[in-house]
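This report refers to the structure that appears directly beneath it.
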2 protein chains.
Amino acid sequence: MLKVREDAIIQAVNRLLSEKGFDAMTVDEVAARVGIAKASLYKHFPSKEDLAAAAMVRVMRQAQTFCAALPEAAPPLENIRAVTRWTMGLKLAGNMPSLPSQNSTLRATLMANREYMDGLIEVSDRLGGWIEAAQADGSISSRLPAIAVLYTLYARACDPVLEFLKMGGQHNDDEIIELVMSTCFDGLNARPPETSAPHKAH
Amino acid sequence: MLKVREDAIIQAVNRLLSEKGFDAMTVDEVAARVGIAKASLYKHFPSKEDLAAAAMVRVMRQAQTFCAALPEAAPPLENIRAVTRWTMGLKLAGNMPSLPSQNSTLRATLMANREYMDGLIEVSDRLGGWIEAAQADGSISSRLPAIAVLYTLYARACDPVLEFLKMGGQHNDDEIIELVMSTCFDGLNARPPETSAPHKAH
DNA sequence: GTCTATAGGAGGATAGAC
DNA sequence: GTCTATCCTCCTATAGAC
């Protein structure tokens, strides 16, 4: 059916966006990978930008699903860490579309896409709530504006450190994720020895 | 003279690469901004990739100069922090060329450019030395491979958090830099209050 | 070395038959 | 809704006069 075919298209777009990025991806490639003619693609999606937007909607829905499955009763920091891990796993597995942040027509298409924007807002609200809760309970630094924390988490989805470490071949995906998790949450500075934990209990 | 004109070209390229990135930048734009004909550009640089490479050589030289001016006697962490600050300042000021990490012909051109590669290696060696020294003196975490630390520092040069915070308009450049410095070195986690140094003397 | 003019090709999008 | 064939724009690169 139509739905199945469009899913196949979006998946191909997703992988190509992850492999080469929006600019380097050509509509011909998408068509070739799906196994249909380019003109047929345009019966489903009106433009290359809309193809990318559909891929973004897909990952956004996945993110919503993932967030919704997390226990609301858990410590907020744990949920934040879980989402961050999941995001980086997606990228390392080649399933995170990468879009240029400068392209204006692409931005316009994305911002005109209600499903994408709604998803983005819902995810941001949920993460934002966890961030503020984590700052309130003393697990995330309160010196940082919550929005800066949110951006820092989002940035993990396109962190070049992930691919560099992967190219190095010294670590597997899980090790890479834990390394970047550590730089993200613990920072580069050395920490005082674990034995003198401040007040992690309760 | 020739040298002066080429400097003007490289500077224009540098700004355009910072504003729009490599793919969106057109050679016509470069020519227009310099105020010469496109064909004249090609008398100076054989290809668009070489234009970008020249811009990269320029920033790499600036980085070398900056590093060389830092006091070797200073604590290694301070030199690392200084370079990181300088890099982010460059980006916020619109002077950090941004290249796609996927483009293969561009990568080939860059890696064939001896001046760029030599500069990259020198800077990496110097930073690498400081990183290992900082790990030895306990100021940077020893649990992280030095190469991961190096990549994390390099990634600050293209950190989207910088532009997002700038677009937000809530902070000036210096505040943004300090925020990202904090996320980078201190991490997102809360730290124990400064007053309670690791082992209190009673 | 600067210009005008143009080649050459890639790639997004469409026409129209079936 | 799928195809083949084609259009058309944009952009890199070059030709050739001065």
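In what follows, chains are A, B, ... by sequence order, proteins preceding strands, each numbered from 1. No hydrogens, no waters, no symmetry mates; every other heavy atom, side chains included, goes into these values.
Shown here for A:L165 and A:I176, the closest heavy-atom pair between the two residues is C-CD1, 3.8 Å. Among all heavy-atom pairs drawn from A:F22 and A:L17, the shortest one is CA-CD2, 3.5 Å. Among all heavy-atom pairs drawn from A:N113 and A:E115, the shortest one is OD1-N, 3.1 Å.
At most 12 non-hydrogen atoms from other residues, nucleotides or ligands lie less than 6.0 angstrom from CZ of A:F164. Counting heavy atoms of neighbouring residues, nucleotides and ligands inside a 6.0 Å radius, atom CE of B:M117 exceeds 12 of them. Within a 6.0 Å radius of CD in B:Q170, other residues, nucleotides and ligands contribute 12 heavy atoms or fewer.
Salt bridge status for B:E72 with B:R126: present, with a side-chain N to carboxylate O gap under 4.0 Å. By the 4.0 Å N-to-carboxylate-O rule, B:R33 lies close enough to B:E19 to be salt-bridged with it. Ion pairing between A:R85 and A:E78 fails under the 4.0 Å rule for side-chain N and carboxylate O.
One atom, CG of A:N103, and another, C1' of D:dC10, lie 14 Å apart when rounded to the nearest Å. Put simply, CZ on B:F45 is 12 Å from P on C:dT2, counting in whole angstrom units. Between the CG atom of A:L51 and the P atom of C:dG11 there is a distance of 15 Å, rounded to whole Å. Rounded to a whole Å, the NZ atom of A:K3 is 18 Å from the C1' atom of D:dG1.
In this structure, A:K48 and A:M25 have side chains that are in contact, with non-hydrogen atoms separated by less than 4.5 Å.
Axis angle between the ends of the helix from C:dG1-D:dC18 to C:dC18-D:dG1, five pairs each and rounded to 10 degrees, works out to 20°.
The backbone N or O of A:S141 sits less than 3.5 Å from a side-chain atom of A:Q135, completing a donor-acceptor pair.
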Pull out every protein N or O sitting under 3.5 Å from an N or O of nucleotides 11-18 of chain D, one pair per line with the distance.
{"residue": "D:dT12", "atom": "OP1", "partner": "B:M25", "partner atom": "O", "Å": "3.4"}
{"residue": "D:dT12", "atom": "OP1", "partner": "B:K48", "partner atom": "NZ", "Å": "3.1"}
{"residue": "D:dT12", "atom": "OP2", "partner": "B:V27", "partner atom": "N", "Å": "2.9"}
{"residue": "D:dA13", "atom": "OP2", "partner": "B:Y42", "partner atom": "OH", "Å": "2.8"}
{"residue": "D:dA13", "atom": "OP2", "partner": "B:K48", "partner atom": "N", "Å": "2.9"}
{"residue": "D:dA13", "atom": "N6", "partner": "B:K38", "partner atom": "NZ", "Å": "3.1"}

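Minimum atom distance to the side chain of A:H44 is reached by D:dT2, of the listed D:dT2, C:dT2, C:dC3.
For residues 8-19 of chain B, proximity to DNA chain C is found at no residue, defined as any non-hydrogen atom under 4.0 angstrom from a strand atom.
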